[in-house]
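Because only heavy atoms are used, hydrogens play no part in the values below, and waters and symmetry mates are left out as well, while side chains stay in. Everything quoted here is computed from the prediction, not taken from an experiment. Within every chain, numbering begins at 1; the chains are lettered A, B, ... in the order of the sequence lines, protein sequences first and strands thereafter.
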Amino acid sequence: MNSFDSCGYHKKTTIMHGFYFELRATDGSKWRFLEHKGPVLAPPYEPLPGHVRFFYDGKPMKLSAAAEEVATFFAKMLDHEYTTKDIFRKNFYKDWRKEMTSEEKSKITDLTKCNFTEMSEYFKAQSEARKQMSKEEKLKIREENERILQEYGFCVMDNHKERIGNFRIEPPGLFRGRGDHPKMGMLKRRIRPEDIIINCSKDSKHPKPPQGTRWKEVRHDNKVTWLVSWTENIQGSIKYIMLNPSSRIKGEKDWQKYETARRLKKCVDRLRAQYRDDWKSKEMRIRQRAVALYFIDKLALRAGNEKEEGETADTVGCCSLRVEHIKLYPKMDDQEYVVEFDFLGKDSIRYYNKMPVEKRVFKNLQLFLENKQPEDDLFDRLNTSILNKHLQELMDGLTAKVFRTYNASITLQQQLKELTSPEESIPAKILSYNRANRAVAILCNHQRAPPKTFEKSMQNLQTKIDEKQKQLSTARKQLKGAKTEHKASHGDGSKKMVEVKRKAVQRLEEQLMNLQMQATDREENKQIALGTSKLNYLDPRISVAWVKKWDVPIEKIYNKTQREKFAWAIDMAEEDYEF
DNA sequence: TTCTAGACTTGTAATCAGCAAG
DNA sequence: CTTGCTGATTACAAGTCTAGAA
């Protein structure tokens with residue numbers, strides 16, 4: 001172990017799930033050895049068969065390979081709402097023209113005269129055919145995928161073989177920005193080996209580029225965790241291939257995140273007292289900072305970095321809220337000082353909420369709004385960097401997003417305490433768990449569109465419940481009958497029969513209860529997505545402790561992937577764990 | 001001090017796979 | 001044996017936050 005000391009590592013003794021978070025560098029390095037096979041590139045373009053035609057102005061027209069490829073991207077999306085949107089069409093058309101020959105360019109002058117239906121039908125038929133393949137063919141494909149996974153899906157980092165998250169380079173296509181994205185429909189170009197940077201250790205076997213090509217660069221930077229990167233052409237941002245959440249490097253980071261949130265727990269009272277005090281500050285910037293922090297804490301708003309105008313959809317977070325996003329009501333119904341929030345947040349998901357606030361906050365907001373236009377910033381003296389600098393001074397490692405983690409996790413813990421009753425059945429406990437999870441999802445505004453099949457699936461479940469009810473009443477009648485029989489005969493056989501029937505009734509009652517529980521759960525979950533908070537905000541040790549305390553099988557709350565991601569917590573947390 | 005590139009986390013949507021019902 | 005539904009998995013977009021250049 002001396003060699004580790006000499007290169008800046010020290011031993012950490014916490015034992016975690018078969019591996020240790022053992023060697024933590026003190027010099028910012030993330031690994032000592034990294035070997036991998038590089039990325040899987042997108043398959044090359046396969047030209048359409050001759051009988052699949054593109055029509056312009058009603059007449060068939062053979063396109064050059066480059067123009068045809070981009071046309072197929074559009075054809076594949078023909079049934080999607082995107083292709084009806086003006087911006088999407090405009091951006092697509094503009095980028096498509098860049099791929100055309102000059103001849104094509106002069107001929108094709110109007111997107112509305114382009115007919116992609118034959119191409120679209122062809123792809124639909126293809127995917128239909130794929131579904132219709134025989135078992136053997138499907139198996140063959142599965143085996144081939146498995147082989148690729150085995151070859152490219154793993155790497156060696158330090159002493160461990162680790163699963164890679166995304167080892168495939170994103171294929172070319174049309175950019176699908178969310179919300180009103182000004183760049184939707186633009187061509188996402190094909191990534192070639194010459195665009196790709198490989199990161200691995202010097203003393204590893206370097207990944208080989210395909211025959212006749214070369215990587216853009218091979219570097220050996222152990223201060224970062226990525227294996228492969230390339231620059232994407234829509235926003236000019238960098239994309240990475242990184243390890244799976246089950247990996248040591250991700251797990252340890254995740255653990256750290258929750259430890260930071262727990263440190264916040266210890267000082268949150270002090271911090272709250274401080275920002276309340278700051279509402280009275282003589283300085284505008286301090287008041288703004290304090291009110292913003294109050295929102296972040298109380299409403300779990302995101303920080304709200306500024307974004308470059310025209311480059312992305314117009315969405316905001318706390319620091320970037322504008323005057324038009326809030327309304328003040330001195331009185332609303334039976335409440336005083338109500339603030340109404342209505343804005344588009346991350347992924348253009350609407351945040352709508354009415355919250356009564358303290359008088360002092362309300363008065364401050366009125367002050368911030370004075371002499372401003374709707375499109376002006378609410379917090380004109382504040383941005384995320386100022387806020388985070390302040391937070392950093394209050395607690396080491398504190399940033400705005402830690403509040404979301406902290407509030408989510410503490411809410412789960414409180415709700416679990418409140419909702420779990422010891423004598424409940426396991427399904428009832430699971431319902432309680434999901435309700436606690438739901439409280440968090442609502443806090444974090446993790447909404448979803450009700451599933452398209454929601455009504456139907458509810459109905460199906462109800463039919464099952466009705467059926468079960470019928471079965472139950474029949475079983476009850478039979479039990480009654482058996483009892484009468486037994487009273488008359490007092491025989492061993494009839495006694496047994498009563499027991500059998502009693503068991504049957506009991507089993508059916510249980511099954512009915514479970515179905516009803518399921519129905520309640522699903523109904524309550526109609527517009528709420530639990531996955532995001534479960535995966536990113538809830539300290540898994542809270543859930544593991546709860547599961548251990550109440551003898552609930554862990555599979556009931558974490559599926560396989562989640563158990564892999566949270567292996568460290570499953571290993572670490574005892575039933576008395578306290579966030 | 002401000003700006004930007006870079007690295008990493010968080011988020012929804014699309015697709016896949018397995019299974020129960022018809 | 002197919003079909004249709006559901007939960008799991010994958011894809012990739014969209015955030016946060018930091019560090020270092022200008």
*Between E232(A) and S237(A), does any side-chain donor sit less than 3.5 Å from a side-chain acceptor?*
yes
[atom1] of [X] versus [atom2] of [N]: gap in Å, rounded?
X: H181(A); N: dA13(C); atom1: NE2; atom2: P; result: 9 Å
X: E306(A); N: dT1(B); atom1: CD; atom2: C1'; result: 14 Å
X: D254(A); N: dA7(B); atom1: CG; atom2: C1'; result: 16 Å
X: K565(A); N: dT10(C); atom1: NZ; atom2: P; result: 14 Å
X: K560(A); N: dA17(B); atom1: NZ; atom2: C1'; result: 12 Å
X: K307(A); N: dC3(B); atom1: NZ; atom2: C1'; result: 18 Å
X: N166(A); N: dT15(B); atom1: CG; atom2: P; result: 18 Å
X: F167(A); N: dA11(C); atom1: CZ; atom2: P; result: 8 Å

Between [X] and [N], does any side-chain N or O lie under 4.0 Å from OP1 or OP2?
X: K239(A); N: dA7(B); value: no
X: K250(A); N: dT9(B); value: yes
X: H446(A); N: dG11(B); value: yes
X: R404(A); N: dG11(B); value: yes
X: Q235(A); N: dA14(C); value: yes
X: K131(A); N: dA17(B); value: no
X: N305(A); N: dG15(C); value: no
X: N388(A); N: dC17(C); value: yes
X: T399(A); N: dC17(C); value: yes
X: T315(A); N: dG15(C); value: yes

Which nucleotide in the list [options] gets nearest to the side chain of [X]?
X: M242(A); options: dC17(C), dA14(B), dT9(B); result: dT9(B)
X: R168(A); options: dA11(C), dC12(C), dC8(B); result: dA11(C)
X: Y240(A); options: dA7(B), dA14(C), dT9(B); result: dA7(B)
X: D347(A); options: dC17(C), dT9(B), dT12(B); result: dT12(B)

Just to be sure I understand the rule, does [X] reach a base, reach only the sugar-phosphate, or reach nothing, if contact means heavy atoms closer than 4.0 Å?
X: K188(A); result: sugar-phosphate
X: N559(A); result: sugar-phosphate
X: P245(A); result: nothing
X: R302(A); result: sugar-phosphate
X: T225(A); result: sugar-phosphate
X: R163(A); result: sugar-phosphate
X: K401(A); result: sugar-phosphate
X: Y537(A); result: sugar-phosphate
X: R130(A); result: nothing
X: S237(A); result: nothing
X: G304(A); result: sugar-phosphate
X: T532(A); result: base
X: G177(A); result: sugar-phosphate
X: Q447(A); result: sugar-phosphate

*Residue whose closest nucleotide on DNA chain C lies nearer the 5' end, G165(A) versus G345(A)*: G165(A)
*5' precedence on DNA chain B between W226(A) and S533(A) (nearest-nucleotide basis)*: W226(A)
*Taking for each residue the nucleotide of DNA chain B bearing the nearest heavy atom, is the 5' side occupied by I249(A) or by H80(A)?*
I249(A)
*Using the ring of each side chain (for Trp, its six-membered ring), is Y240(A) parallel, tilted or perpendicular to W226(A), with breaks at 30° and 60°?*
tilted
*Can the positive tip of K161(A) be found less than 6.0 Å from the middle of the six-membered ring of F154(A), inside 45° of the ring normal?*
yes
*Lys NZ or Arg CZ of K76(A) over F123(A) ring: under 6.0 Å, within 45°*: yes
*asked:* Let's go through D195(A) and R190(A) carefully: what are the C-alpha distance in whole Å and the side-chain angles of both, what is the deciding distance for salt bridge (Lys or Arg N to Asp or Glu O under 4.0 Å) to 0.1 Å, and is it a yes or a no?
replied: CA-CA 9 Å; D195(A) 302 315; R190(A) 179 178 292 275; over 6 Å; no
*Between the base of dT10(B) and the side chain of K346(A), is there any donor-acceptor pair under 3.5 Å?*
yes
*Between Y558(A) and F566(A), is the ring centre distance below 6.0 Å?*
yes
*Answer yes or no: is there a donor N or O on one side and an acceptor on the other, between the side chain of H446(A) and the main chain of V440(A), under 3.5 Å?*
no
*Say you draw a straight line from CG of D254(A) to OG1 of T405(A); how long is it, rounded to the nearest 0.5 Å?*
9.5 Å
